[in-house]
Amino acid sequence: MVQVHLTRHLFAFFPQLEGRALEVEASDVAGVVRALEALAPGIGFYVCDERGRLRPHVNVFIGNSMVRDRRQLSDALAPGDTVSILQALSGG
Amino acid sequence: MAQSVLWVATRKGTFKVEKRGGRWQAALSGHAGTGVNYVAREPKTNRLWALLGHGHWGAKLSVSDDGGATWRDHTTQIKFPDGARYIGQDMFEDSTSDFGVGWKIVTRKATVQKLWVIGFGGDGAIWVGTIPGGLFVSRDGGASFELNRPLWNHESRGGDLFSGDGTGETKWFGTPASEGGEFAPGLHSICVNPRDPKHVLVAVSTAGVIETRDGGATWRPRNKGMSMDHHPDPNAEWGHDTHLIEQCAGAPEHVWQQNHAGVFYSDNGAESWRKVSAPDVGVHFGFPISADAHNGRSAWLVPGRGDNQRTAIDGGLFVARTDDGGASWRQLRQGLPQECAYDIVYRHALDNRDGLVAFGSTTGNLYISEDRGERWSAVSHNLPPVYAVRFG
């Protein structure tokens, strides 16, 4: 299982996820997005575009490292990892 | 007549404007903090549709079935199908160029950058225009939306890129002023003929006006009589920078157009256009235009100072109206600021209904007139930048 941490901004659209300890079974980042979609239908299209790529202003971290593959979301996960899905800041 | 409501889409939410206690008042309806490109009521169902542009989370359809009291993401979201591609331009570093950059033609996978406009047909069809320039249609009340492939695959934009590389050439320019600063043309105008829902006019910046008479199976350009000053051939078939077209509901052969290169009018259903700019009274450049629903020869617009400034003209804000098919225009200034006003009004941010006329600016000013524009009063000076106003 991996722990998932979501920016609180997403709770405005998916309040059913707020306050929950999110633990999902996933071997890569794409698997996390699929698991979240099952919990909160529609959230996948908030995080990714219709080609499955991370939206330009969304960042995903595994631990403290930003994922490398923003197109296929193939970065591998190990049990116990923490995945953070956050809004990207562009300065200002 | 039912009490009129004005829906206002802004950079920071959807507002509902109603007349209460003798005064038009705005109140936040929903989407606080979120960009709303367009909002409109579906006549057949009374459902409200808002086209959202989240800064981080993409473009979303939002609906309300209780008059704007509550909103929710629509169960179906608009997405380009797998394999949808379009021809665009990418900037690259070019040391041989005086500017240090060059442009190259590229073929991109399409994703929805912006939901821009929604229109409703008398047959219940729901049409949505996007950036990049896609036209989506639902014929099941919004349960599903399908990309109109005959227009997406039109020969004018390089042919069918689903199955191959097409011709490799598009005549739809797109400008970096569009969403995301990409060279992606956008579809911003949808006019469904009230007498024939299979007859639809759409308009695209920077391609022009395009027509179907068979419900979207085939499309052809409708740019005869239009001219442009950003193309070696001013009368080329494609490349016209239409900013908005609107059709007279009661006499749909009358179609009005605010274009980058002037104001155009057609009294034959866009078969041909006539330039009706009047630079001496400031009527030439701008974004919005609003056609009267009954008198095809009447229309309103909000002029701006040329494409090199894009502000109100000389610091004085005015609306212009014609009642004679563009032969003459009147400047309507009463109640509008005439000192140090540099508002610009976006293409969807002017509307009229039954004598009411309203417009909002990117400066957050919202004005309304109850006498066809003769006198104006301010509803608010403090709204977020206004993207669209629609009576409904």
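Side chains are part of it too, since the values below use all heavy atoms of this structure and drop only hydrogens, waters and symmetry mates. Letters A, B, ... are given to chains in the order of the sequence lines, protein chains preceding strands, and every chain is numbered from 1.
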Is the [atom1] atom of [X] crowded by more than 12 outside heavy atoms at less than 6.0 Å?
X         : atom1 : result
Met1(A)   : CE    : yes
Asp66(B)  : CG    : yes
Tyr346(B) : OH    : no
Asp94(B)  : CG    : yes
Arg47(B)  : CZ    : yes

Exercise. Do Arg55(A) side-chain atoms and Trp57(B) backbone N/O form a donor-acceptor pair below 3.5 Å?
Worked result: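 At least one qualifying donor-acceptor pair exists.
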Problem set entry | Check: Phe80(B) main-chain N/O paired with Arg51(A) side-chain donor or acceptor under 3.5 Å |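 At least one qualifying donor-acceptor pair exists.
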Exercise. Which bit of Ala110(B) comes within less than 4.5 Å of chain A, counting heavy atoms only: side chain, backbone, both or neither?
Worked result: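 Backbone only.
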Exercise. Which bit of Asp82(B) is near chain A, if near means a heavy-atom gap under 4.5 Å: side chain, backbone, both or neither?
Worked result: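 For Asp82(B), heavy atoms of backbone and side chain both lie under 4.5 Å from chain A.
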For this session: Would you please go through residues 38-50 of chain A and name the residues with a non-hydrogen atom below 4.5 Å from one of chain B, in numerical order?
Result: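 Counting heavy atoms that sit under 4.5 Å from chain B, the residues of residues 38-50 of chain A involved are Phe45(A), Tyr46(A), Asp49(A), Glu50(A).
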Exercise. For chain B, which residues from residues 3-37 of chain A have at least one heavy atom closer than 4.5 Å to it?
Worked result: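 Answer by number: Thr7(A), His9(A), Leu10(A), Phe13(A).
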